[in-house]
Amino acid sequence: MKIKCGFVAVVGKPNAGKSSLINAIIGEKVSIVSPKPQTTRNNILGIYNSAHSQIVFVDTPGINKTATGLDKFMQKSIKGAVSDVNVVVVVCDITKGVQRTELDLVEKYNKGKIPVVLVLSKIDLVKDEVVFKTLQDLSPIADKCEIVPLSSSKGKNVDTLIEVVEKFLPEVDEKDRYFDQDEYTDKPLNFLVAEIVREKALYYLDREIPHGIAVVTQRFEESENIIEIDVDIVCDKSSHKAIILGKQGSMLQKIGHDARVTIQKIVQKKVMLNIFVKVKPNWKNNLEFLDSLGYNINEL
Ligand SMILES: Nc1nc2c(ncn2[C@@H]2O[C@H](COP(=O)(O)OP(=O)(O)OP(=O)(O)O)[C@@H](O)[C@H]2O)c(=O)[nH]1
Ligand SMILES: [Mg+2]
């Protein structure tokens, strides 16, 4: 039997709702989400499987121009994601409106003959009139892309996006699908665990601190009834370490508690989570350390 099968890059500004959209499509937590921009740091695959299709969505970091080794890795990841895909989905937060960045992306991929879908995200936050008006304003580019307004939080119109994307995908023999049908991401559980700790840290910490941390899983031991996990939160300065720990360890306790609850839901097992905070000055420019985190610019 033939199925529709292909790769779809999901790109857009930081905080546009890319990772939320991929989680809504897959129905599992594949990629972490936070109210702060620059949450996603590397390309993460979310694999959508249905009876008649397999669509591999590539979540990417938000488009941004800054200069540390990590930032360069993140921006190169986006370029890597859009080379060789069947479709590009450009996500635009409708509450911010469609701006130059999104229009330029549509133009660029349209010229490169890659089908483009412009997603207007977070429509649950605006009145219907705003959606109509935005669609009207986009009529000059309507021949260059498909436009899908949707809400990942409410699951509204997410199925429409899947239908639109499937139209552009090639038909292949079902035995030629890229991944087994029960796979839904390319990342191992210990990566997701570290990301969930980073998600909770992003939620609780302020200013530059959440963006100045990396989280690494050091130990992941599963026995019949329990999973024991050790993770390091690595930060730039000892003053940051003090804030991450909080008064008598209260901040770390909150991060650890929330992370454990989320991880337990995913693994369906009791979890013992130990978090250690370590200082590694200027780690964002330490290529060896970035490499150990999986942020290897040479592999893109
Ligand atoms: N109300 C509402 N909020 C949403 C929706 N989609 C995403 N959000 C919120 O928008 C914020 C950013 O979402 P993310 O999915 O992390 O955005 P992103 O584009 O992946 O961001 P980066 O990884 O930083 O580039 C989070 O607070 C989400 O909860 C939606 O459909 N409705
Ligand atoms: Mg993201």
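Note that the numbering runs from 1 along the sequence shown for the chain. Counting starts at 1 for both ligands and their atoms, following the listed order. Treat the numbers as computed from the prediction; the structure is a model and nothing was measured.
- No hydrogens or angles considered: nothing links the side chains of S34 and E199 as a donor-acceptor pair under 3.5 Å.
- D232 and Q218 are linked by a side-chain donor-acceptor pair at a separation below 3.5 angstrom, with hydrogens and angles left out of the test.
- By heavy-atom distance, the residue among H211, K18, M74 lying nearest atom 19 (O) of ligand 1 is K18.
- S153 OG, 3.6 Å is the protein heavy atom nearest to atom 3 (N) of ligand 1.
- Every atom of ligand 1 is numbered from 1 in the order shown, and the set under 4.0 Å from a heavy atom of S20 is 6 (N), 7 (C), 13 (O), 14 (P), 15 (O), 28 (C).
- With a 4.0 Å cut-off on non-hydrogen atoms, S31 does not touch ligand 1 at all.
- Assignment of S121 to the shell around ligand 1 is not supported, since no heavy atom sits closer than 4.0 Å.
- In this structure, the protein non-hydrogen atom closest to atom 21 (O) of ligand 1 is N15 N, 2.9 Å.
- Put simply, T40 gets within reach of the Mg ion (ligand 2), with an N, O or S atom under 2.8 Å from it.
- For F7 and Y178, the distance between ring centers is under 6.0 angstrom.
- By the criterion of a heavy-atom distance under 4.0 Å, the side chain of D124, and not its backbone, is placed next to ligand 1.
- Between G12 and ligand 1 there is no heavy-atom distance shorter than 4.0 Å.
- For the pair K200 and Y203, the NZ or CZ position fails the cation-pi test of under 6.0 Å to the six-membered ring centre and within 45 degrees of the ring normal.
- When heavy-atom distances to ligand 1 are checked against a 4.0 Å cut-off, Q38 comes that close only through its backbone atoms N, CA, C and O.
- Only the backbone of P37 comes within 4.0 Å of ligand 1, counting heavy atoms alone; no side-chain atom from C-beta on gets that close.
- Remark: the D59 side chain and the S19 side chain contain an N/O donor-acceptor pair separated by less than 3.5 Å.
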